[in-house]
Engineer: 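To start, I am sharing the structure in question, which I have written as C-alpha coordinates.
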Amino acid sequence: ILEEANFFDAKHTKKMEFLFKEFLGAKVETEKLSFAKKHGVSNAILIDNDENNLNLMKEIITAIGFTDIELFTDSQKAWTHLKSIKEPDLIISEWNLDNITGKTLLQRIRSHGFRVVPILVATSQIQKSDRMVLTDLNILQVFKKPLDKKQLTMSIAFHIRQYFEPTEARTIERKIIRFLSHGDHMEVKSLFKKYINMETIPTHRIEFIKGLSLTIDQEYDLASECLIKSIQSSKHSSVDAMSLLSDVMLKKSDYQSSIAMMEKVIKISSETIEHYCKSADIHLQNEDPTSAYECLQKAVELDSDNDIVVESLIKHSIYVGDTEQAQQLLQNFAFIDKVIGFMNNIAVVMSQKGRFKTGVKMYEKTLDALSVKFKKHRAIVYYNLSLAWLRQGLMTTSRTHLESCIQEGQSRVFSKAEKLLERLVDAEKRGKTIKLNSNNNEKRKMKFIESNESNRIALLNDSTDHDVHNLLNLFRE
(Lines give C-alpha, C1' and ligand atoms only; values in the text may rest on other atoms or scores of the structure.)
Protein backbone atom coordinates (compact mmCIF):
# COMPACT_ATOMS: atom_id res chain seq x y z
CA ILE A 1 0.00 0.00 0.00
CA LEU A 2 2.87 2.36 0.84
CA GLU A 3 4.50 1.68 -2.52
CA GLU A 4 1.18 2.39 -4.23
CA ALA A 5 0.82 5.70 -2.37
CA ASN A 6 4.31 6.62 -3.55
CA PHE A 7 3.32 5.71 -7.09
CA PHE A 8 0.33 8.07 -7.09
CA ASP A 9 2.11 11.00 -5.52
CA ALA A 10 5.91 11.18 -5.64
CA LYS A 11 6.02 14.01 -3.09
CA HIS A 12 5.45 11.30 -0.44
CA THR A 13 8.73 9.54 -1.30
CA LYS A 14 10.66 10.79 1.73
CA LYS A 15 7.81 9.91 4.06
CA MET A 16 7.61 6.45 2.47
CA GLU A 17 11.34 5.91 2.90
CA PHE A 18 11.08 6.81 6.60
CA LEU A 19 8.12 4.51 7.23
CA PHE A 20 9.72 1.61 5.37
CA LYS A 21 12.99 1.98 7.27
CA GLU A 22 11.39 2.61 10.67
CA PHE A 23 8.75 -0.12 10.65
CA LEU A 24 9.71 -2.59 7.94
CA GLY A 25 13.49 -2.37 7.87
CA ALA A 26 13.39 -2.07 4.09
CA LYS A 27 13.73 0.43 1.30
CA VAL A 28 10.80 1.81 -0.62
CA GLU A 29 10.75 1.13 -4.35
CA THR A 30 11.06 4.60 -5.83
CA GLU A 31 10.81 3.37 -9.39
CA LYS A 32 7.22 3.68 -10.57
CA LEU A 33 5.96 0.16 -11.26
CA SER A 34 2.74 0.12 -13.26
CA PHE A 35 -0.08 -0.33 -10.74
CA ALA A 36 -2.20 -2.23 -13.27
CA LYS A 37 0.71 -4.44 -14.32
CA LYS A 38 1.39 -5.28 -10.69
CA HIS A 39 -2.11 -6.74 -10.47
CA GLY A 40 -2.08 -8.37 -13.91
CA VAL A 41 -4.68 -6.16 -15.58
CA SER A 42 -4.33 -4.20 -18.81
CA ASN A 43 -7.57 -3.79 -20.79
CA ALA A 44 -10.58 -1.64 -19.94
CA ILE A 45 -13.88 -0.61 -21.50
CA LEU A 46 -15.11 2.95 -20.81
CA ILE A 47 -18.67 3.97 -21.72
CA ASP A 48 -20.13 7.46 -21.35
CA ASN A 49 -22.30 9.85 -23.36
CA ASP A 50 -19.77 12.66 -22.77
CA GLU A 51 -16.39 12.50 -24.54
CA ASN A 52 -14.85 14.79 -21.93
CA ASN A 53 -15.70 12.31 -19.17
CA LEU A 54 -14.32 9.47 -21.27
CA ASN A 55 -11.05 11.31 -21.86
CA LEU A 56 -10.71 12.05 -18.15
CA MET A 57 -11.32 8.41 -17.21
CA LYS A 58 -8.87 7.28 -19.89
CA GLU A 59 -6.23 9.65 -18.55
CA ILE A 60 -6.72 8.27 -15.04
CA ILE A 61 -6.55 4.58 -15.85
CA THR A 62 -3.68 5.16 -18.28
CA ALA A 63 -1.77 6.78 -15.41
CA ILE A 64 -2.23 3.66 -13.26
CA GLY A 65 -1.02 1.37 -16.02
CA PHE A 66 -3.92 0.25 -18.23
CA THR A 67 -2.66 -0.02 -21.80
CA ASP A 68 -5.54 -1.42 -23.85
CA ILE A 69 -8.44 1.02 -23.43
CA GLU A 70 -11.60 1.19 -25.56
CA LEU A 71 -13.86 4.28 -25.40
CA PHE A 72 -17.54 4.35 -26.39
CA THR A 73 -20.08 7.16 -26.48
CA ASP A 74 -22.62 4.83 -28.12
CA SER A 75 -23.82 2.07 -25.78
CA GLN A 76 -25.07 -0.06 -28.68
CA LYS A 77 -21.60 -0.06 -30.25
CA ALA A 78 -20.11 -0.83 -26.84
CA TRP A 79 -22.39 -3.87 -26.50
CA THR A 80 -21.57 -5.09 -30.01
CA HIS A 81 -17.87 -4.82 -29.20
CA LEU A 82 -18.18 -6.55 -25.83
CA LYS A 83 -19.88 -9.56 -27.45
CA SER A 84 -16.87 -10.00 -29.73
CA ILE A 85 -14.12 -10.03 -27.10
CA LYS A 86 -13.07 -12.01 -24.05
CA GLU A 87 -13.95 -10.69 -20.60
CA PRO A 88 -12.12 -7.38 -20.01
CA ASP A 89 -10.21 -6.49 -16.84
CA LEU A 90 -12.28 -3.41 -16.00
CA ILE A 91 -15.50 -1.71 -17.08
CA ILE A 92 -16.47 1.85 -16.13
CA SER A 93 -19.86 2.97 -17.36
CA GLU A 94 -22.33 5.81 -17.06
CA TRP A 95 -25.69 4.61 -15.70
CA ASN A 96 -27.90 7.04 -17.63
CA LEU A 97 -26.70 6.14 -21.11
CA ASP A 98 -28.43 7.04 -24.36
CA ASN A 99 -29.66 4.25 -26.65
CA ILE A 100 -29.17 1.22 -24.38
CA THR A 101 -29.43 2.38 -20.77
CA GLY A 102 -26.72 1.54 -18.28
CA LYS A 103 -29.13 -0.64 -16.33
CA THR A 104 -29.91 -2.68 -19.43
CA LEU A 105 -26.34 -2.77 -20.76
CA LEU A 106 -24.71 -3.89 -17.50
CA GLN A 107 -27.31 -6.63 -17.05
CA ARG A 108 -26.52 -7.82 -20.57
CA ILE A 109 -22.82 -7.84 -19.73
CA ARG A 110 -23.34 -10.04 -16.66
CA SER A 111 -25.76 -12.36 -18.48
CA HIS A 112 -23.25 -12.72 -21.31
CA GLY A 113 -20.99 -14.56 -18.90
CA PHE A 114 -18.83 -11.63 -17.78
CA ARG A 115 -19.33 -12.44 -14.09
CA VAL A 116 -15.82 -11.68 -12.86
CA VAL A 117 -14.90 -8.30 -14.38
CA PRO A 118 -14.98 -5.42 -11.85
CA ILE A 119 -17.60 -2.86 -12.88
CA LEU A 120 -17.64 0.75 -11.68
CA VAL A 121 -20.44 3.19 -12.40
CA ALA A 122 -19.99 6.96 -12.81
CA THR A 123 -23.18 9.00 -12.93
CA SER A 124 -24.88 12.16 -11.74
CA GLN A 125 -28.09 10.43 -10.68
CA ILE A 126 -29.24 7.00 -9.51
CA GLN A 127 -32.93 6.29 -8.96
CA LYS A 128 -33.90 4.61 -5.70
CA SER A 129 -35.45 1.74 -7.66
CA ASP A 130 -32.11 1.08 -9.35
CA ARG A 131 -30.14 0.44 -6.17
CA MET A 132 -31.14 -3.22 -5.88
CA VAL A 133 -30.09 -3.77 -9.50
CA LEU A 134 -26.66 -2.31 -8.71
CA THR A 135 -26.36 -4.75 -5.80
CA ASP A 136 -27.56 -7.71 -7.89
CA LEU A 137 -24.98 -6.84 -10.56
CA ASN A 138 -22.19 -6.71 -7.96
CA ILE A 139 -21.19 -3.16 -8.92
CA LEU A 140 -18.07 -2.28 -6.92
CA GLN A 141 -18.63 1.46 -6.64
CA VAL A 142 -20.82 4.32 -7.88
CA PHE A 143 -18.96 7.58 -8.50
CA LYS A 144 -20.86 10.84 -8.27
CA LYS A 145 -20.45 13.27 -11.19
CA PRO A 146 -18.90 15.71 -11.82
CA LEU A 147 -15.79 13.55 -11.57
CA ASP A 148 -12.84 14.63 -9.42
CA LYS A 149 -9.60 13.44 -11.00
CA LYS A 150 -7.56 12.80 -7.87
CA GLN A 151 -10.41 11.20 -5.93
CA LEU A 152 -11.37 9.00 -8.87
CA THR A 153 -7.77 7.91 -9.42
CA MET A 154 -7.34 6.80 -5.82
CA SER A 155 -10.77 5.18 -5.72
CA ILE A 156 -10.22 3.11 -8.88
CA ALA A 157 -6.83 1.99 -7.59
CA PHE A 158 -8.32 1.08 -4.23
CA HIS A 159 -11.09 -1.04 -5.72
CA ILE A 160 -8.72 -2.86 -8.06
CA ARG A 161 -6.36 -3.65 -5.20
CA GLN A 162 -9.26 -4.78 -3.01
CA TYR A 163 -10.50 -6.98 -5.82
CA PHE A 164 -7.21 -8.88 -6.02
CA GLU A 165 -5.87 -8.43 -2.47
CA PRO A 166 -8.93 -7.86 -0.26
CA THR A 167 -8.54 -6.57 3.28
CA GLU A 168 -12.08 -5.34 3.93
CA ALA A 169 -15.02 -7.54 4.87
CA ARG A 170 -17.13 -6.98 1.78
CA THR A 171 -14.28 -7.49 -0.68
CA ILE A 172 -13.08 -10.62 1.15
CA GLU A 173 -16.63 -11.97 0.93
CA ARG A 174 -16.77 -11.26 -2.80
CA LYS A 175 -13.50 -13.12 -3.32
CA ILE A 176 -14.75 -16.09 -1.26
CA ILE A 177 -17.84 -16.26 -3.47
CA ARG A 178 -15.67 -16.13 -6.62
CA PHE A 179 -13.44 -18.93 -5.33
CA LEU A 180 -16.43 -21.03 -4.27
CA SER A 181 -17.92 -20.66 -7.74
CA HIS A 182 -14.66 -21.82 -9.35
CA GLY A 183 -13.99 -24.64 -6.87
CA ASP A 184 -10.74 -23.21 -5.48
CA HIS A 185 -11.09 -24.90 -2.09
CA MET A 186 -7.71 -24.13 -0.52
CA GLU A 187 -8.00 -20.40 -1.19
CA VAL A 188 -11.51 -20.38 0.27
CA LYS A 189 -10.36 -22.13 3.44
CA SER A 190 -7.75 -19.49 4.32
CA LEU A 191 -9.98 -16.57 3.33
CA PHE A 192 -12.93 -17.91 5.32
CA LYS A 193 -10.87 -18.13 8.51
CA LYS A 194 -9.79 -14.51 8.02
CA TYR A 195 -13.38 -13.51 7.25
CA ILE A 196 -15.10 -14.99 10.32
CA ASN A 197 -12.46 -13.53 12.65
CA MET A 198 -13.26 -9.98 11.56
CA GLU A 199 -15.30 -8.23 14.25
CA THR A 200 -17.33 -6.24 11.74
CA ILE A 201 -18.90 -9.27 9.99
CA PRO A 202 -22.63 -9.53 10.77
CA THR A 203 -24.05 -12.97 11.52
CA HIS A 204 -26.29 -13.03 8.46
CA ARG A 205 -23.33 -12.73 6.06
CA ILE A 206 -21.37 -15.51 7.77
CA GLU A 207 -24.45 -17.74 7.58
CA PHE A 208 -24.86 -16.88 3.92
CA ILE A 209 -21.29 -17.93 3.10
CA LYS A 210 -21.80 -21.15 5.07
CA GLY A 211 -25.01 -21.78 3.17
CA LEU A 212 -23.29 -21.20 -0.16
CA SER A 213 -20.45 -23.60 0.62
CA LEU A 214 -22.87 -26.26 1.87
CA THR A 215 -24.97 -25.88 -1.27
CA ILE A 216 -21.90 -26.52 -3.42
CA ASP A 217 -21.18 -29.55 -1.22
CA GLN A 218 -24.76 -30.76 -1.89
CA GLU A 219 -25.51 -30.62 1.85
CA TYR A 220 -28.93 -29.14 1.15
CA ASP A 221 -30.56 -29.64 4.57
CA LEU A 222 -27.67 -27.94 6.34
CA ALA A 223 -27.51 -25.25 3.66
CA SER A 224 -31.19 -24.38 4.07
CA GLU A 225 -30.72 -24.07 7.85
CA CYS A 226 -27.86 -21.58 7.39
CA LEU A 227 -29.71 -19.57 4.75
CA ILE A 228 -32.88 -19.33 6.82
CA LYS A 229 -30.77 -18.09 9.73
CA SER A 230 -29.10 -15.57 7.39
CA ILE A 231 -32.45 -14.22 6.19
CA GLN A 232 -33.98 -14.00 9.66
CA SER A 233 -30.96 -12.33 11.26
CA SER A 234 -30.61 -9.67 8.57
CA LYS A 235 -31.98 -6.19 9.18
CA HIS A 236 -32.33 -5.67 5.44
CA SER A 237 -33.66 -7.74 2.56
CA SER A 238 -31.18 -10.53 1.84
CA VAL A 239 -31.93 -11.05 -1.83
CA ASP A 240 -28.84 -13.20 -2.43
CA ALA A 241 -29.70 -15.48 0.50
CA MET A 242 -33.33 -15.77 -0.63
CA SER A 243 -32.28 -16.55 -4.20
CA LEU A 244 -29.83 -19.20 -3.02
CA LEU A 245 -32.44 -20.70 -0.69
CA SER A 246 -34.71 -20.97 -3.72
CA ASP A 247 -31.94 -22.97 -5.44
CA VAL A 248 -31.61 -25.24 -2.42
CA MET A 249 -35.34 -25.92 -2.21
CA LEU A 250 -35.33 -26.72 -5.93
CA LYS A 251 -32.54 -29.25 -5.35
CA LYS A 252 -34.73 -30.80 -2.66
CA SER A 253 -37.60 -30.96 -5.19
CA ASP A 254 -39.67 -28.56 -3.09
CA TYR A 255 -40.86 -26.61 -6.12
CA GLN A 256 -43.54 -24.58 -4.37
CA SER A 257 -41.12 -23.23 -1.75
CA SER A 258 -38.54 -22.50 -4.44
CA ILE A 259 -41.10 -20.57 -6.48
CA ALA A 260 -42.45 -18.70 -3.44
CA MET A 261 -38.93 -17.63 -2.48
CA MET A 262 -38.29 -16.23 -5.96
CA GLU A 263 -41.59 -14.38 -5.85
CA LYS A 264 -40.33 -12.66 -2.71
CA VAL A 265 -37.02 -11.86 -4.43
CA ILE A 266 -38.85 -10.30 -7.41
CA LYS A 267 -41.03 -8.23 -5.11
CA ILE A 268 -37.89 -6.73 -3.57
CA SER A 269 -35.82 -6.47 -6.75
CA SER A 270 -38.26 -6.11 -9.63
CA GLU A 271 -35.87 -4.59 -12.20
CA THR A 272 -33.35 -7.45 -12.31
CA ILE A 273 -34.04 -9.55 -15.39
CA GLU A 274 -32.26 -12.66 -14.15
CA HIS A 275 -34.80 -13.15 -11.35
CA TYR A 276 -37.69 -13.53 -13.83
CA CYS A 277 -35.73 -15.98 -15.98
CA LYS A 278 -34.75 -18.03 -12.96
CA SER A 279 -38.40 -18.18 -11.87
CA ALA A 280 -39.40 -19.26 -15.38
CA ASP A 281 -36.87 -22.11 -15.28
CA ILE A 282 -38.21 -23.29 -11.91
CA HIS A 283 -41.78 -23.29 -13.25
CA LEU A 284 -40.66 -25.43 -16.20
CA GLN A 285 -39.02 -27.90 -13.85
CA ASN A 286 -42.30 -27.93 -11.96
CA GLU A 287 -43.98 -28.79 -15.29
CA ASP A 288 -45.88 -25.50 -15.42
CA PRO A 289 -45.01 -23.90 -18.79
CA THR A 290 -47.88 -21.41 -18.49
CA SER A 291 -46.49 -19.78 -15.35
CA ALA A 292 -43.02 -19.94 -16.88
CA TYR A 293 -44.26 -18.01 -19.90
CA GLU A 294 -45.80 -15.31 -17.67
CA CYS A 295 -42.42 -14.78 -15.99
CA LEU A 296 -40.69 -14.66 -19.37
CA GLN A 297 -43.07 -12.02 -20.66
CA LYS A 298 -41.98 -9.72 -17.83
CA ALA A 299 -38.33 -10.41 -18.65
CA VAL A 300 -38.95 -9.69 -22.33
CA GLU A 301 -40.55 -6.36 -21.42
CA LEU A 302 -37.36 -5.37 -19.60
CA ASP A 303 -34.96 -6.51 -22.36
CA SER A 304 -35.71 -9.13 -25.01
CA ASP A 305 -32.09 -9.08 -26.23
CA ASN A 306 -30.54 -10.12 -22.92
CA ASP A 307 -28.76 -13.48 -23.34
CA ILE A 308 -30.42 -15.03 -20.31
CA VAL A 309 -33.86 -14.02 -21.64
CA VAL A 310 -33.11 -15.62 -25.00
CA GLU A 311 -31.82 -18.73 -23.21
CA SER A 312 -35.01 -19.08 -21.15
CA LEU A 313 -37.18 -18.49 -24.22
CA ILE A 314 -35.33 -21.31 -26.03
CA LYS A 315 -35.86 -23.66 -23.08
CA HIS A 316 -39.56 -22.84 -22.99
CA SER A 317 -39.94 -23.24 -26.75
CA ILE A 318 -38.31 -26.67 -26.67
CA TYR A 319 -40.38 -27.73 -23.67
CA VAL A 320 -43.71 -26.87 -25.32
CA GLY A 321 -42.60 -28.26 -28.69
CA ASP A 322 -42.40 -24.94 -30.56
CA THR A 323 -39.54 -26.16 -32.76
CA GLU A 324 -39.74 -23.26 -35.21
CA GLN A 325 -39.29 -20.58 -32.55
CA ALA A 326 -36.56 -22.57 -30.82
CA GLN A 327 -34.62 -22.93 -34.07
CA GLN A 328 -34.99 -19.23 -34.83
CA LEU A 329 -33.70 -18.21 -31.39
CA LEU A 330 -30.83 -20.70 -31.53
CA GLN A 331 -29.40 -19.31 -34.77
CA ASN A 332 -27.31 -16.58 -33.11
CA PHE A 333 -27.20 -17.91 -29.55
CA ALA A 334 -23.77 -18.59 -28.02
CA PHE A 335 -24.62 -20.61 -24.92
CA ILE A 336 -26.29 -23.71 -26.32
CA ASP A 337 -24.59 -26.00 -23.79
CA LYS A 338 -26.64 -24.35 -21.04
CA VAL A 339 -29.86 -25.18 -22.85
CA ILE A 340 -28.80 -28.78 -23.43
CA GLY A 341 -27.83 -29.19 -19.77
CA PHE A 342 -31.16 -27.79 -18.60
CA MET A 343 -33.25 -30.01 -20.88
CA ASN A 344 -31.16 -33.02 -19.82
CA ASN A 345 -31.90 -32.26 -16.16
CA ILE A 346 -35.62 -32.05 -16.85
CA ALA A 347 -35.50 -35.38 -18.69
CA VAL A 348 -33.59 -37.05 -15.85
CA VAL A 349 -36.04 -35.76 -13.21
CA MET A 350 -39.00 -37.00 -15.25
CA SER A 351 -37.38 -40.41 -15.51
CA GLN A 352 -36.78 -40.45 -11.74
CA LYS A 353 -40.48 -39.71 -11.27
CA GLY A 354 -41.29 -42.86 -13.23
CA ARG A 355 -42.14 -41.05 -16.47
CA PHE A 356 -39.26 -42.25 -18.58
CA LYS A 357 -41.02 -41.91 -21.94
CA THR A 358 -41.86 -38.27 -21.20
CA GLY A 359 -38.20 -37.69 -20.38
CA VAL A 360 -37.15 -39.28 -23.67
CA LYS A 361 -39.55 -36.92 -25.42
CA MET A 362 -37.60 -33.98 -23.97
CA TYR A 363 -34.41 -35.28 -25.57
CA GLU A 364 -36.22 -35.72 -28.88
CA LYS A 365 -37.64 -32.19 -28.75
CA THR A 366 -34.15 -30.86 -28.09
CA LEU A 367 -32.80 -32.73 -31.12
CA ASP A 368 -35.65 -31.36 -33.25
CA ALA A 369 -34.70 -27.82 -32.23
CA LEU A 370 -31.01 -28.31 -33.08
CA SER A 371 -30.53 -28.07 -36.83
CA VAL A 372 -27.84 -30.10 -38.60
CA LYS A 373 -25.33 -27.26 -38.27
CA PHE A 374 -25.19 -27.90 -34.51
CA LYS A 375 -23.49 -31.28 -34.88
CA LYS A 376 -21.38 -31.03 -31.73
CA HIS A 377 -24.41 -30.18 -29.64
CA ARG A 378 -26.59 -32.85 -31.23
CA ALA A 379 -23.88 -35.36 -30.37
CA ILE A 380 -24.14 -34.44 -26.68
CA VAL A 381 -27.92 -34.89 -26.70
CA TYR A 382 -27.59 -38.30 -28.38
CA TYR A 383 -24.99 -39.30 -25.79
CA ASN A 384 -27.26 -38.23 -22.90
CA LEU A 385 -30.15 -40.07 -24.52
CA SER A 386 -28.07 -43.22 -24.81
CA LEU A 387 -27.26 -43.02 -21.10
CA ALA A 388 -30.94 -42.60 -20.29
CA TRP A 389 -31.79 -45.84 -22.13
CA LEU A 390 -28.84 -47.63 -20.55
CA ARG A 391 -30.09 -46.70 -17.07
CA GLN A 392 -33.23 -48.62 -18.03
CA GLY A 393 -31.10 -51.61 -19.01
CA LEU A 394 -32.06 -51.29 -22.69
CA MET A 395 -28.67 -51.81 -24.30
CA THR A 396 -29.81 -52.13 -27.92
CA THR A 397 -31.59 -48.76 -27.95
CA SER A 398 -28.68 -47.18 -26.07
CA ARG A 399 -26.30 -48.53 -28.70
CA THR A 400 -28.37 -46.98 -31.50
CA HIS A 401 -28.11 -43.51 -29.95
CA LEU A 402 -24.39 -43.92 -29.31
CA GLU A 403 -23.93 -44.68 -33.00
CA SER A 404 -25.91 -41.53 -33.84
CA CYS A 405 -23.68 -39.57 -31.45
CA ILE A 406 -20.53 -40.79 -33.20
CA GLN A 407 -22.01 -40.12 -36.66
CA GLU A 408 -22.40 -36.44 -35.76
CA GLY A 409 -18.58 -36.22 -35.79
CA GLN A 410 -16.04 -34.88 -33.31
CA SER A 411 -17.44 -33.50 -30.04
CA ARG A 412 -16.43 -33.39 -26.39
CA VAL A 413 -18.26 -36.70 -25.85
CA PHE A 414 -16.87 -38.44 -28.96
CA SER A 415 -14.20 -40.54 -27.21
CA LYS A 416 -16.54 -41.43 -24.33
CA ALA A 417 -19.20 -42.52 -26.80
CA GLU A 418 -16.71 -44.72 -28.66
CA LYS A 419 -15.52 -46.40 -25.47
CA LEU A 420 -19.04 -46.98 -24.18
CA LEU A 421 -20.10 -48.38 -27.56
CA GLU A 422 -17.17 -50.82 -27.45
CA ARG A 423 -18.28 -51.98 -24.01
CA LEU A 424 -21.87 -52.50 -25.19
CA VAL A 425 -20.79 -54.45 -28.27
CA ASP A 426 -18.50 -56.63 -26.16
CA ALA A 427 -21.22 -57.21 -23.54
CA GLU A 428 -23.71 -58.23 -26.24
CA LYS A 429 -21.23 -60.73 -27.69
CA ARG A 430 -20.70 -62.28 -24.27
CA GLY A 431 -24.39 -62.25 -23.40
CA LYS A 432 -23.83 -59.80 -20.53
CA THR A 433 -25.94 -56.85 -19.43
CA ILE A 434 -24.70 -53.34 -18.62
CA LYS A 435 -26.89 -50.99 -16.62
CA LEU A 436 -25.86 -47.59 -15.28
CA ASN A 437 -26.68 -46.47 -11.75
CA SER A 438 -29.19 -43.64 -11.52
CA ASN A 439 -26.84 -41.49 -9.43
CA ASN A 440 -23.24 -41.89 -10.51
CA ASN A 441 -22.06 -38.28 -10.37
CA GLU A 442 -21.21 -37.73 -6.70
CA LYS A 443 -19.37 -34.43 -6.40
CA ARG A 444 -16.20 -34.10 -4.38
CA LYS A 445 -17.01 -32.50 -1.04
CA MET A 446 -15.32 -29.29 -0.05
CA LYS A 447 -15.59 -29.51 3.75
CA PHE A 448 -13.83 -26.31 4.69
CA ILE A 449 -16.46 -25.45 7.32
CA GLU A 450 -17.32 -28.90 8.73
CA SER A 451 -14.27 -31.04 9.40
CA ASN A 452 -16.16 -34.02 10.79
CA GLU A 453 -19.60 -35.46 11.44
CA SER A 454 -19.89 -34.06 14.99
CA ASN A 455 -19.28 -30.52 13.71
CA ARG A 456 -21.96 -30.98 11.06
CA ILE A 457 -24.46 -32.10 13.69
CA ALA A 458 -23.48 -29.19 15.93
CA LEU A 459 -24.04 -26.77 13.07
CA LEU A 460 -27.48 -28.21 12.41
CA ASN A 461 -28.48 -28.14 16.10
CA ASP A 462 -27.21 -24.58 16.45
CA SER A 463 -29.43 -23.39 13.60
CA THR A 464 -32.88 -21.92 14.02
CA ASP A 465 -35.79 -24.32 14.50
CA HIS A 466 -37.92 -22.54 11.88
CA ASP A 467 -38.07 -24.35 8.56
CA VAL A 468 -38.46 -22.73 5.19
CA HIS A 469 -42.25 -23.09 5.20
CA ASN A 470 -42.53 -21.09 8.42
CA LEU A 471 -40.26 -18.49 6.88
CA LEU A 472 -42.49 -18.23 3.83
CA ASN A 473 -45.54 -17.87 6.05
CA LEU A 474 -43.84 -14.92 7.75
CA PHE A 475 -43.19 -13.36 4.32
CA ARG A 476 -46.84 -13.75 3.36
CA GLU A 477 -48.00 -12.13 6.58
Engineer: Looking at every non-hydrogen atom in both residues, tell me the closest pair between Ala299 and Ile273 and how far apart they are.
Structural biologist: CB-CG2, 4.2 Å
Engineer: Quick one: sort the His39 and Phe164 rings into parallel, tilted or perpendicular, breaks at 30° and 60°.
Structural biologist: parallel
Engineer: Looking only at side chains, do Asp303 and Thr104 share a donor and an acceptor under 3.5 Å apart?
Structural biologist: no
Engineer: Enter the distance from Ser230:OG to Glu225:CD here, rounded to the nearest 0.5 Å.
Structural biologist: 13.0 Å
Engineer: Does the pair Ser243 and Met262 meet the rule for a side-chain contact (heavy atoms from CB on, under 4.5 Å), with working shown?
Structural biologist: CA-CA 6 Å; Ser243 181; Met262 284 310 300; 4.1 Å; yes
Engineer: Hey, is NZ on Lys419 packed in by over 12 heavy atoms from elsewhere, all under 6.0 Å?
Structural biologist: no
Engineer: Check Lys145 with Asp48, please: is the shortest side-chain N to carboxylate O separation under 4.0 Å?
Structural biologist: yes
Engineer: Quick check: do Thr215 and Tyr220 have side-chain heavy atoms less than 4.5 Å from each other?
Structural biologist: yes
Engineer: So, taking the atom named CD1 in Ile231 and the one named CE in Met261, what distance separates them when rounded to the nearest 0.5 Å?
Structural biologist: 5.0 Å
Engineer: Rounded to the nearest 0.5 Å, what separation is found between the CG atom of Leu421 and the CG atom of Leu402?
Structural biologist: 5.5 Å
Engineer: Got a salt bridge between Arg170 and Glu173, using NZ or NE/NH1/NH2 to carboxylate O under 4.0 Å?
Structural biologist: yes
Engineer: Got a salt bridge between Arg399 and Glu403, using NZ or NE/NH1/NH2 to carboxylate O under 4.0 Å?
Structural biologist: yes
Engineer: Do Leu222 and Asp217 have side chains that approach each other closer than 4.5 Å (heavy atoms only, starting at C-beta)?
Structural biologist: no
Engineer: For the pair Asp254 (side chain) and Met249 (backbone), establish whether a donor and an acceptor sit closer than 3.5 Å, ignoring hydrogens and angles.
Structural biologist: no
Engineer: What are the two closest non-hydrogen atoms of Gln256 and Asn286, and how far apart are they?
Structural biologist: NE2-ND2, 3.3 Å
Engineer: Can you measure from CD1 (Ile282) to SG (Cys277) and round to the nearest 0.5 angstrom?
Structural biologist: 11.5 Å
Engineer: For the backbone of Val265 and the side chain of Ser269, can you confirm whether one donor and one acceptor N or O come within less than 3.5 Å of each other?
Structural biologist: no
Engineer: When you check the side-chain N and O atoms of Asn96 and Thr123, is any donor under 3.5 Å from an acceptor?
Structural biologist: yes
Engineer: Would you kindly check if the NZ (Lys) or CZ (Arg) of Arg178 is within the cone defined by 45 degrees around the ring axis of Tyr163 and under 6.0 Å from the six-membered ring centre?
Structural biologist: yes
Engineer: Are Leu90 and Val41 packed together at the side-chain level, in the sense that at least one heavy-atom pair is separated by less than 4.5 angstrom?
Structural biologist: no
Engineer: If you compare all heavy atoms of Ser386 against all heavy atoms of Ser398, which two are closest, and at what distance to 0.1 Å?
Structural biologist: O-OG, 2.8 Å
Engineer: For Lys373, does the NZ atom have more than 12 heavy-atom neighbours from other residues, nucleotides or ligands under 6.0 Å away?
Structural biologist: yes
Engineer: Report the relative orientation of the aromatic rings in Trp389 and His401; use parallel for angles under 30°, tilted for 30 to 60°, perpendicular for over 60°.
Structural biologist: parallel
Engineer: Please evaluate residues His275 and Val239 with respect to the criterion side-chain contact (heavy atoms from CB on, under 4.5 Å), reporting the C-alpha separation (whole Å), side-chain torsions for both, the decisive distance (0.1 Å), and the verdict.
Structural biologist: CA-CA 10 Å; His275 298 330; Val239 169; 4.0 Å; yes
Engineer: Strictly distance-based, threshold 3.5 Å: is any side-chain N or O of Asp426 a donor or acceptor partner for the main-chain N or O of Glu422?
Structural biologist: no
Engineer: Tell me whether Glu274 is salt-bridged to Arg110, with the criterion being a basic N under 4.0 Å from an acidic carboxylate O.
Structural biologist: no
Engineer: Closest heavy-atom contact between Phe335 and His112?
Structural biologist: CZ-O, 3.0 Å
Engineer: Please say whether the positively charged group of Arg378, taken as NZ for Lys or CZ for Arg, lies over the ring of Phe374, i.e. under 6.0 angstrom from the six-membered ring centre and within 45 degrees of the axis.
Structural biologist: no
